[in-house]
Amino acid sequence: MQPQGDIALIGLAVMGQNLILNMNDHGFTVVAYNRTVSKVDDFLANEAKGTRVVGAHSIPELVAALKKPRRVMLMVKAGAPVDEFIDQLLPHLEAGDIVIDGGNSLFTDTNRRVASLAARGIHFIGTGVSGGEEGARRGPSIMPGGSSAAWPHVKPIFQGIAAKVEGGAPCCDWVGEGGAGHYVKMIHNGIEYGDMQLIGEAYHLMRDALGMTADEMHAVFSAWNEGELDSFLVEITRDILKFKDTDGQPLVDKILDTAGQKGTGKWTVVNAAELAQPVTLIAEAVFSRCVSAMKEERVKAARKLKGPRPAIRGDRAKFVEDIRYALYASKIVSYAQGYMLLRAAAAEYRWNLNYGGIALMWRGGCIIRSRFLIRIKEAYDGNPKLANLLLDDYFRGEIKKCQKGWRNVVSMAAKKGIPVPAFSTALSFFDGYRTARLPANLLQAQRDYFGAHTYERIDQPRGQFFHTNWTGHGGRVSSSTYNA
Ligand code: 2AM
């Protein structure tokens, strides 16, 4: 009998199982395998009962069940387990076969795997999969990159199972070469950190500056979800604020204020620093989680370090509207920063990234899905070489509308002692980006003074470097190697 399997999936945790069931729903025959082989039979007897899913109890059995070119997708723990499965698969695969890693792998690992498998004629795809368990089952956002020759062979499966948005467009398209797919997933997660921090700051101001109840804030987030801020994260915030504990009190009020993190936000910030890109909002979001984790220290400090009273008097409804402006403008800045990083990465790693396509992939299925992303797609479709999202006519107009309220929120928060690191870094970045003359002339003078690092002059062409003997003593030799 000819092999029937369209694709094999290794890794029967919830995400893997749900992707298999989703593929099955879309008419694909999936071969299922897992390191702990007993889970294969459990899956066939339970979740996959009555489906066309085929169980494999060994790698050779899995490979034998697949049509050619063979497609094998890994949904296992990132890191060494991925390499171990690749090593187990390789002796059984042949040139033209395709290995796909759908885990949360670091993009540099994916770069390495694409290159090492290509040397053996095997195609490798590293793909971001977002949307959690529910997304995997009903339609995730899928961000594949790697060996482009493999794309036509996985495209019908991935676009078939992906979330669909306006006009049935799938939230899955080819991202680019090497580790580009996992890179874009990493940026997605960084942006997710930023969006969550922004919502948190809006909530903090409403709760502590305006003294609003959870029910009142629920009403505000409900209204916000009907406008430009319409998004999954605003929607779940609305629902969380309404949710009552068994005693009828809002559950959110009883949750300890220390946030965890798994590391993809941190990866984004580390990479941003390496590529010299000012992704300040995601950085503040990552560091804010670190501050939140210092609970005991904060409780002690709260007794000793006194600041102003947080309550704001005056027109509450107007201030709530200003918070909406601050949130929206800061969100635009955050995505502008994320896209700056994508552009820098494309240049650094020599990827041809599809910027509008990336916005469309995030438009549905994933945690950062929102109405707003369609505007980003339109901006890049209109001008694929757009230097910065802030310069796009639509976003420029939106920021203009928000600016007054945004500035009011940041200054009120400073006066009232309520931390708004993401709102304020977004505003500082916006002001820095639109400042033709920054104070870095002084900084260059300092560097030249203490380290003879030289400077360029405004009255001379770029690329000419000058050194001054600032003190009248010391050397006249400029430094090119000393880095203080
Ligand atoms: P398991 O069921 O045998 O633990 C998510 O944890 C998935 O990754 C599971 O399918 C799990 O297999 C697999 N996994 C976790 N650690 C692994 C490892 N070190 N080697 C192989 N598979 C692993």
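Sequential numbering from 1 along the given sequence is applied to the chain's residues. First listed ligand is number 1; within each ligand, the first listed atom is number 1. As a basis for the values below, the full set of heavy atoms in this structure was taken, side chains included, without hydrogen atoms, waters or symmetry mates. No experiment lies behind these values; they were computed from the predicted model shown.
Nearest non-hydrogen protein atom to atom 12 (O) of ligand 1 is Asn34 OD1, 3.7 Å. The closest protein non-hydrogen atom to atom 5 (C) of ligand 1 is Ala13 CB, 3.7 Å. Looking from atom 16 (N) of ligand 1 to the surrounding protein, the closest heavy atom is Arg35 NH2, 3.7 Å. Nearest protein heavy-atom neighbour of atom 3 (O) of ligand 1: Thr36 OG1, 2.5 Å. Closest protein heavy atom to atom 2 (O) of ligand 1: Lys39 NZ, 2.6 Å.
Contact check on Lys68 versus Asp97 returns no salt bridge, with no Lys/Arg side-chain nitrogen under 4.0 Å from an Asp/Glu carboxylate oxygen. A salt bridge links Asp83 and Arg112; the closest N-O separation between the charged side-chain nitrogens and carboxylate oxygens is under 4.0 Å.
Partner Glu228 forms a side chain to side chain donor-acceptor pair (under 3.5 Å) with one of Arg371, Arg324, Lys331 and no other, that one being Arg324.
Which parts of ligand 1 touch Gly11 is read off a 4.0 Å heavy-atom cut-off, strictly below it: atoms 10 (O). Of all atoms in ligand 1, numbered sequentially from 1 with element shown, those under 4.0 Å from a heavy atom of Phe85 are 21 (C), 22 (N). Of all atoms in ligand 1, listed by their number and element, those nearer than 4.0 Å to a heavy atom of Leu12 are 10 (O). Applying the 4.0 Å criterion to heavy atoms of Glu84 picks out, from ligand 1, the atoms 20 (N).
Counting only distance, with no hydrogens or angles, the side chain of Trp406 and the backbone of Tyr325 share no donor-acceptor pair below 3.5 Å. Proximity of a side-chain donor or acceptor of His182 to a complementary backbone N or O of Thr127 within less than 3.5 Å is detected. Arg70 places no side-chain N or O within 3.5 Å of a backbone atom of Gly5 that could act as its donor or acceptor partner.
Using a 4.0 Å threshold on non-hydrogen atoms, atom 20 (N) of ligand 1 counts as touching the protein.
Within the model, atoms CZ of Phe85 and CG of Asp101 stand 11.5 Å from one another, a figure rounded to the nearest 0.5 Å.
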